[in-house]
Asker: 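Got a structure here, written out as C-alpha cells. Questions coming.
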Amino acid sequence: MPHGCIAGTGLAVPERVVTNDDLSKLIDTSDEWIRQRTGIEQRHWAVEGETGAGLSKIASERAFAMAGITARDLDAIILATSSPDHFVPGNGVFLQRLLGVGTIPALDIRQACSGFIYSLSVADAWIRAGMFRRILVVGQEIQSTGMDVSDNGRNTAVIFADGAGAVVLEATEDPNRGLLAFDLHSQGEFAEMLWVDSPGSMYHPEISHKDLDEGKQYLQMDGKEVFRHAVTRMPESVNAVVGKLGLGTGDISLLLAHQANLRISEMVQRKLELRDDQVYNNIQKYGNTTAATVPILLDECVRGGRVKQGDLIVMTAFGSGFSWGSVACRW
Ligand code: UT7
C-alpha cells in the first residue's frame with residue numbers, strides 16, 4: 001500500500017519585519033519582557049495587498065522547485081489556516097486559482113496550531129486509500145490584521161504573526177521512508193481558552209456593534225492555562241507517536257515543535273530529555289505563525305542541511321481546540 005512521503009518544502013513570510021521595539025511604541029510592553037517571556041525577537045506582518053493565498057503560492061512554488069514538479073502535477077490541495085483571506089470560501093480555492101491548476105479538490109482545515117499536522121494526516125490517508133498520489137499541503141496565517149494591537153491585546157499581539165509553509169506529499173511504496181505514524185487528539189472542554197468568539201452563527205446577528213466594541217472579534221487567550229496544557233500534551237504525543245514505531249525519544253533525529261513560546265519548546269525538550277542537536281527553534285525570527293510554524297521549521301531545516309536521509313523527524317503541535325498531535329517521518 002502506498003503512503004505519503006515529503007518530496008519538497010517551501011516557506012514565505014511578508015517582507016515587513018516588526019521588532020519588539022516597534023511594538024513597544026504601540027502598546028505597553030518592552031523588548032526585555034517579550035524576549036524573556038516568549039523568546040521572540042521579531043516577527044513578519046503583512047502589508048496591504050499581501051494575502052494568505054499569495055504567501056501560500058510563494059511557499060508552494062518553492063516546494064514544487066525542490067520536488068522537481070509543477071503545479072499541474074498536483075492531484076489535490078489541503079490548506080490549514082485559522083485566518084483565511086475571506087470568511088467563506090476557504091483559502092484552498094484561492095490558492096488553487098493563483099496556481100492555475102484547473103479543478104483539482106482544495107480542502108481547508110481549521111485546526112489552528114495543529115492544522116498542518118492534521119492536514120498531513122488527511123493527505124496521507126488519501127494517498128493510502130489510493131485516491132491521490134501527489135498532494136500540496138500548506139499551513140498559512142495572516143494574523144496581524146485581526147489582532148488587538150493595544151494594551152488590552154498585549155498578551156497576543158506580541159506573539160502572533162504571519163507566514164506560510166508548504167510541502168509536496170507524494171506516494172511512495174518504500175516502507176522505510178515518509179510519514180510512518182500519527183497521533184491526534186482534541187479536547188473541546190477547553191475551547192474558550194484560546195478562541196475568537198464572534199462573528200459566530202449562534203448570535204443573532206452573528207456580529208454586532210456591541211460585540212465589536214467589546215473586542216469579541218479578537219483572539220482571546222488564557223496564556224497560563226494554554227501553556228500548562230501545551231507542555232504536557234506535546235511530550236505525551238511525541239512519546240505516543242514514536243511508541244507506535246516501537247522506538248523511543250532517543251531515536252529522534254530532529255523534533256520540530258510548534259513555535260508558540262520558546263519557554264514551551266524548551267520545557268518540551270527537557271521533558272523528553274532531548275539534546276540541543278535533536279531540536280530546532282526559530283520563534284525568535286518569526287513569532288507564532290500558528291498553522292505555519294511546523295512547515296516553516298521543516299523548510300529551514302531541510303534547506304539548512306539539518307536533515308539527512310534516514311533521519312527520524314517528529315513534528316508536534318498544540319493549540320486552540322484544544323487540539324494537538326504529532327507525526328513521525330523517516331526522511
Ligand atoms: O499557539 C497557540 C498556543 N499559544 C500558546 O501556547 C501561548 C501560551 N502562553 C504563553 O506563551 C504565555 O502565557 C504568555 C507569553 C502569553 C504570557 O506569559 P506569562 O508568563 O504567562 O505572563 P502572564 O500572562 O502571567 O503575565 C505576567 C505579567 C502580568 O502583569 P502582572 O499582573 O504580573 O502585573 C501581565 O499583565 O506580565 C504582564 N504582561 C505583559 N507585560 C509586558 C502580559 N503581556 C505583556 C506584554 N508586555 N506583552
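Just so you know, ligand 1 is whichever comes first in the structure, and atom 1 is the first atom listed for that ligand.
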Asker: At less than 4.0 angstrom from any non-hydrogen atom of Thr38, what atoms of ligand 1 do you find?
Answerer: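 Near Thr38, the atoms of ligand 1 are 15 (C).
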Asker: State whether any protein heavy atom lies less than 4.0 Å from atom 40 (C) of ligand 1.
Answerer: yes
Asker: Can you name the closest pair of heavy atoms from Val238 and Ser326 and give their distance?
Answerer: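 Between these two residues, the closest heavy atoms are N-OG, 3.7 Å.
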Asker: Distance to 0.1 Å, residue and atom name: give those for the protein heavy atom nearest to atom 9 (N) of ligand 1.
Answerer: Gly223 O, 3.0 Å
Asker: Could you find the nearest protein heavy atom to atom 18 (O) of ligand 1 and give me its residue, atom name and distance?
Answerer: Trp33 CH2, 3.9 Å
Asker: Are any side-chain N or O atoms of Gln269 and backbone N or O atoms of Val279, one a donor and one an acceptor, separated by less than 3.5 Å?
Answerer: no
Asker: Nearest protein heavy atom to atom 14 (C) of ligand 1, by residue and atom, and its distance?
Answerer: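 Among all protein heavy atoms, the one nearest atom 14 (C) of ligand 1 is Ile159 CD1, 4.3 Å.
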Asker: So which heavy atom in the protein is nearest atom 3 (C) of ligand 1, and how far is it from that ligand atom?
Answerer: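 The closest one turns out to be Val226 CG1, 3.6 Å.
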Asker: Quick check on contacts: which atoms of ligand 1 are under 4.0 angstrom from a heavy atom of Met221?
Answerer: 4 (N), 7 (C), 16 (C)
Asker: Under 4.0 Å, heavy atoms only, figure out whether ligand 1 is touched by the backbone of Cys113, its side chain, both or neither.
Answerer: side chain
Asker: So does Asp124 pair up with Arg128, basic N to acidic O under 4.0 Å?
Answerer: yes
Asker: Going by the order shown, which atoms of ligand 1 are within less than 4.0 Å of some heavy atom of Leu194?
Answerer: 2 (C), 3 (C)
Asker: Of all the non-hydrogen atoms in the protein, which one sits nearest to atom 20 (O) of ligand 1, and at what distance?
Answerer: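 The closest one turns out to be Arg37 NH2, 2.7 Å.
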Asker: What is the closest protein heavy atom to atom 23 (P) of ligand 1, and at what distance does it sit?
Answerer: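 Among all protein heavy atoms, the one nearest atom 23 (P) of ligand 1 is Lys224 NZ, 3.9 Å.
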Asker: Please check if the side chain of Asn281 supplies one atom and the backbone of Ile283 the other of a donor-acceptor pair under 3.5 Å.
Answerer: no
Asker: Considering Leu262, Asn288, Asp28, Ile40, which one's heavy-atom position lies nearest to atom 1 (O) of ligand 1?
Answerer: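 Answer by nearest heavy atom: Asn288.
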Asker: Which is it for Thr156 and ligand 1 at heavy atoms under 4.0 Å: side chain, backbone, both or neither?
Answerer: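 Looking at Thr156 and ligand 1, no heavy atom falls under 4.0 Å.
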Asker: For the 3.5 Å polar cut-off, considering only N or O atoms, please tell me whether Ala260 and ligand 1 meet it.
Answerer: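 No; the residue has no nitrogen or oxygen that sits under 3.5 Å from a nitrogen or oxygen of the ligand.
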Asker: Test of understanding: with ring-ring contact (aromatic ring centres under 6.0 Å, His included), list the residues that count as partners of Phe322, not counting sequence neighbours.
Answerer: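 Counting only residues at least two positions away or on another chain, Phe322 forms a ring-ring contact (aromatic ring centres under 6.0 Å, His included) with Phe190, His229, Phe318.
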Asker: State whether the shortest distance between N or O atoms of Arg154 and N or O atoms of ligand 1 falls below 3.5 angstrom.
Answerer: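 Yes, Arg154 has an N/O under 3.5 Å of an N/O on ligand 1.
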Asker: Quick test of your reading of the model: are Lys216 and Glu206 salt-bridged, counting only N-O distances below 4.0 Å?
Answerer: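 Glu206 and Lys216: not salt-bridged.
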Asker: If you measure only the distance, is there a donor-acceptor pair under 3.5 Å linking the side chains of Thr38 and Asn261?
Answerer: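 Note: Thr38 and Asn261 side chains miss the donor-acceptor criterion.
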Asker: How far is atom 11 (O) of ligand 1 from its nearest protein heavy atom, and which residue and atom name does that atom have?
Answerer: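 The protein heavy atom lying closest is Asn261 ND2, 2.7 Å.
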Asker: Taking Glu266 first and then Arg270, would you say they form a salt bridge - that is, a charged N and a carboxylate O separated by under 4.0 Å?
Answerer: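 Answer for the salt bridge query: no.
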Asker: Could you identify the single nearest non-hydrogen protein atom to atom 47 (N) of ligand 1 and state the distance to 0.1 Å?
Answerer: Thr29 OG1, 2.6 Å
Asker: Are Gln42 and Thr19 linked by a side-chain donor-acceptor pair shorter than 3.5 Å?
Answerer: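 No donor-acceptor contact under 3.5 Å links the two side chains.
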Asker: In chain order, what residues pass the ring-ring contact (aromatic ring centres under 6.0 Å, His included) check against Phe94, with sequence neighbours excluded?
Answerer: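 Once residues adjacent in sequence are excluded, the partners of Phe94 under the ring-ring contact (aromatic ring centres under 6.0 Å, His included) criterion are His86.
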Asker: Looking at Lys285 and Glu300, is there a salt bridge between them, counting it only when a charged N and a carboxylate O are closer than 4.0 Å?
Answerer: yes
